[in-house]
Structure formats: structure tokens, C-alpha cells
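Quantities reported herein were computed from a predicted structural model and do not represent experimental measurements. Position 1 is the first residue of the sequence; numbering continues from there.
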Amino acid sequence: MSDDPSARNAAPSTGSSATGSTGRSSTGSSATGSTGRSSTGRGGTEAAPAGRTAPDAFEANRHYLGSVAYRMLGSFTDAEDVLQEAWLRWRAADRADVADPRAFLTTVVTRLCYDQLGSARARRESYYGEWLPEPSVSYQSGPASPAELAELGESVSLALLAVLEQLTPAERAAFVLHDVFAVGFDEIAASLDRSPDAARQLASRARRRVKDGSRRATADPSEHRQAVEAFAAATARGDIEGLLAVLDPEVVWHSDGGGLVTAGARPVFGADKVSRLVAGLVAKWGTPDTVIEFALVNGEPGLVWYLQPGVVGGVVGFTVADGRITSAYTVVNPEKLTHLNPATATPEV
């Protein structure tokens, strides 16, 4: 699964089919943000080299542009809108004056995202409850190749995307472009209409704010998965003691139902409250058709549950430190899961 809204009639759109079992190539959109790595498109379209001005230059850079837009916005829907507009601007551009299509398109997408972030912030202030990013889900693991990292960027967890919401649009743009995609400060400066020094300062300030706002987390994938497995097993049993054993005493539970389904309007703090919340949710909403599966959620071990075969009801991403879960990010807003469900996903053509 890749990280960009897929092309439809040469213009991007979000969508793909969802699969309902572990071991399949992916669950979710062709625009997944998680790993920034494509489980269906490894070794896919390469970025256009500098100076390429052929009509397919947008398509050649589509995965990269979609990855940038998703990480900037935390929304596949908004990322798709940005790519549609960028495609229109690319069609209207005088390509004879474009020396480097990739740099040109990066600037276009960055500026569109910058504008989108301003309006999105106002919308999210009136959002019911806690706003969380749309999750990316994949069932394929493994390290990305250097080419994939250049195309799709470093992994950005659901937790990090949530923290990025605290940044200003300029800080977020500088952080994503430099720290995720290794774009140089000269190019970032051109995209943001700032000097290179100012762009460097924006990225540095964003880095500090991200560090201050992040929960403790381990970089060990096996430890992370073991904690998620223990959480899933205890959840399935309704075992509060088992949950307490895997939850950090200061764990924070975040949830986003968007006012459309039952979810807490505010974060829940502490292992005792979180364990009882989880056990209560399972007792109240669990049915014989409910299936919980392991998956990569934005590049890290997480959980997906199905209300019925093929219908995703929620996605949970975790941070883990010292073998215990320090935070959980639960997305149950159905509008943020449409890219994971075949009945609502936009088909690829």
C-alpha cells in the first residue's frame, strides 16, 4: 500500500479495496500514510529526473507527491484534493520554463497544503471530540529500499501525525519536507517564500516541539508487537489484570469518533481507567462477527477490527516503551475509514 492518493484518469484519487485477513498485501487505500512504503507498489513508478518535462512527469512523481500531501495534512481526503489541484496546475504550466518537474511540483503541493492547513485548523477547532489523523493500514512489513525512502519518505506514525497537529503550517511543512523527505533547505525556502536560514529555523523549532509533545516510545519493533499482542489477547478475554500488566501506569487513550459513533470526547489517562474503558467497550460493542487483526498502522504494529467481514470498524495505533503501551490512538470515525472499506473506497482506474 502506498502513501499517495492514486491516479484516476491521470489525476489522483484515494482508494483501493480492503482485505480482511492478515497476510494479504494490504488493507486500505492506495494512499496509505503509514509506512510511507507501498505494499502493492514496491519498485513502482520512479520519480522523474531533474529536467524531465514530459506530459507524464506528474504521474511519475505521483507517489512522492501523495506521500508529502498526506504527511502534511493527515487526511487522505484533503491530500486527494491537493493532488487534484496540483495536477490541474501542472497541466496549465508552461513546461518549457520548468527545469525540474519534481521540485516544481513539490513547491505547488507544499503551497496548496500550506493553504489547506490554515482552513483545516479552523474546521478542527469546531470538531466534536479529539481530531486524529486518518490511519494508514498495511499487512506487508520489511525495510524500505533507498529508492522507496526517496519516493515515499520515512515512516510517520499515527502518534507523530497527531503531534504534528500542534505545529504551525510553516513548521509542519519544513519538518515534513526536511526530516521525512530529506528535501534541502533551499528548496523548502522557495516553497515557503522564506530564506534558507528561516526554513532551517522552522524545521529546528518544529523538531523541538515534536520532541516535547511526543510520548515515550521504543524503536524496537519486536517489543512493540509483543506489547500489542498482549493487549489484544487481554482485550479479547476482557482481562483487566492482563490489560494493567501491559499498559504503562501513565498511558493515554485517544479516540476519534467525530460525533458519528460512540467515542470519548477527551483523552483518558492512567492504566486503571484505560483498562476498564477497553474492557467495557468490548463487553458493550463486541459481537460474534467482530474480528481483531494485527496490521501495520502507519508503519508500526497496531490493530484493525472488523464489524463484519470486509467492513473496518476501527484502527488503533500504539506507542510502546519498556514493553508497555504508553499511548493508543483509536480512530472509529467512519468518515476516516472509507479508504479502508471496499464499499466506500474510490475505485482505481
Side-chain angles (χ1 to χ4, degrees), residues 1 19-28 32-37 39 132-133 135-144 154-163 211 214-255 267-283 286 290-306 312-332 340:
M1 185 166 16
T19 63
S21 62
T22 303
R24 298 184 184 178
S25 62
S26 69
T27 297
T32 71
S34 82
T35 71
R37 299 162 192 173
S39 62
L132 295 178
S136 154
V137 177
S138 172
Y139 287 114
Q140 180 165 334
S141 60
E154 294 285 354
S155 220
V156 175
S157 69
L158 203 57
L160 177 54
L161 281 176
V163 173
K211 182 178 179 180
S214 298
R215 299 286 295 170
R216 290 187 304 115
T218 180
D220 182 1
S222 62
E223 181 180 273
H224 189 123
R225 181 174 176 103
Q226 287 172 7
V228 173
E229 289 174 343
F231 175 88
T235 297
R237 299 191 304 267
D239 180 4
I240 290 180
E241 291 302 318
L243 288 168
L244 286 171
V246 74
L247 294 173
D248 185 87
E250 298 181 357
V251 64
V252 183
W253 181 274
H254 304 267
S255 56
V268 177
F269 298 87
D272 183 65
K273 289 183 179 179
V274 170
S275 62
R276 295 182 186 281
L277 169 68
V278 172
L281 290 174
V282 172
T290 301
V291 175
I292 299 176
E293 295 183 344
F294 295 102
L296 292 179
V297 176
N298 287 71
E300 296 182 339
L303 298 173
V304 177
W305 74 81
Y306 292 83
V312 175
V315 176
V316 190
F318 300 90
T319 60
V320 175
D322 301 323
R324 290 192 170 194
I325 292 170
T326 56
S327 63
Y329 295 82
T330 306
V331 180
V332 292
L340 304 177

Gap separating the OH atom of Tyr306 from the CG atom of Leu340, nearest 0.5 angstrom:
8.0 Å
Minimum heavy-atom distance between Pro133 and Val331, given as atom pair plus value:
O-CG2, 3.7 Å
Measure the spacing between CG of Asp239 and OG of Ser275 and express it to the nearest 0.5 Å.
9.5 Å
Could you tell me which non-hydrogen atom of Phe294 sits nearest to which non-hydrogen atom of Ala232, and how far apart they are?
CZ-CB, 4.1 Å
Exercise: identify the closest heavy-atom pair between Pro221 and Pro301
O-CG, 4.1 Å
More than 12 non-hydrogen atoms from neighbouring residues, nucleotides or ligands closer than 6.0 Å to CD on Glu229, yes or no?
yes
About how many Å separate OG of Ser255 and CG of Leu277, when rounded to the nearest 0.5 Å?
7.5 Å
Within-4.5 Å side-chain heavy-atom neighbours: Leu132 and Leu158
no
Could you grab the distance from atom CD of Glu300 to atom CZ of Phe318, nearest 0.5 Å is fine?
11.0 Å
Can you tell me which residue among Val315, Leu161, Val156, Leu160 is in a side-chain contact (heavy atoms from CB on, under 4.5 Å) with Asn298?
Leu161
Could you grab the distance from atom CG of Asp272 to atom CG of Leu247, nearest 0.5 Å is fine?
10.0 Å
Closest non-hydrogen atoms of Gly317 and Val297, given as atom of the first, atom of the second and distance, are CA-CG1, 4.0 Å
Student check: side-chain heavy atoms of Val274 and Leu243 closer than 4.5 Å:
no
Using side-chain heavy atoms (C-beta onward) and a distance below 4.5 Å, is Trp305 in contact with Val291?
no
Whether Thr326 side chain and Thr319 backbone form a donor-acceptor pair below 3.5 Å:
yes
Chi angles and distances behind the side-chain contact (heavy atoms from CB on, under 4.5 Å) call for Tyr139, Leu296:
CA-CA 6 Å; Tyr139 287 114; Leu296 292 179; over 6 Å; no
Closest heavy-atom pair, Asp322 versus Glu223, reported as atoms and distance to 0.1 Å, is N-OE2, 3.5 Å
Do you know the tightest heavy-atom contact between Val251 and Ser327?
CG2-N, 3.9 Å
Rounded to the nearest 0.5 Å, how far does CD1 of Ile292 lie from CZ of Phe231?
8.0 Å
Can you check whether Pro249 reaches Arg324 side chain to side chain, under 4.5 Å on heavy atoms?
yes
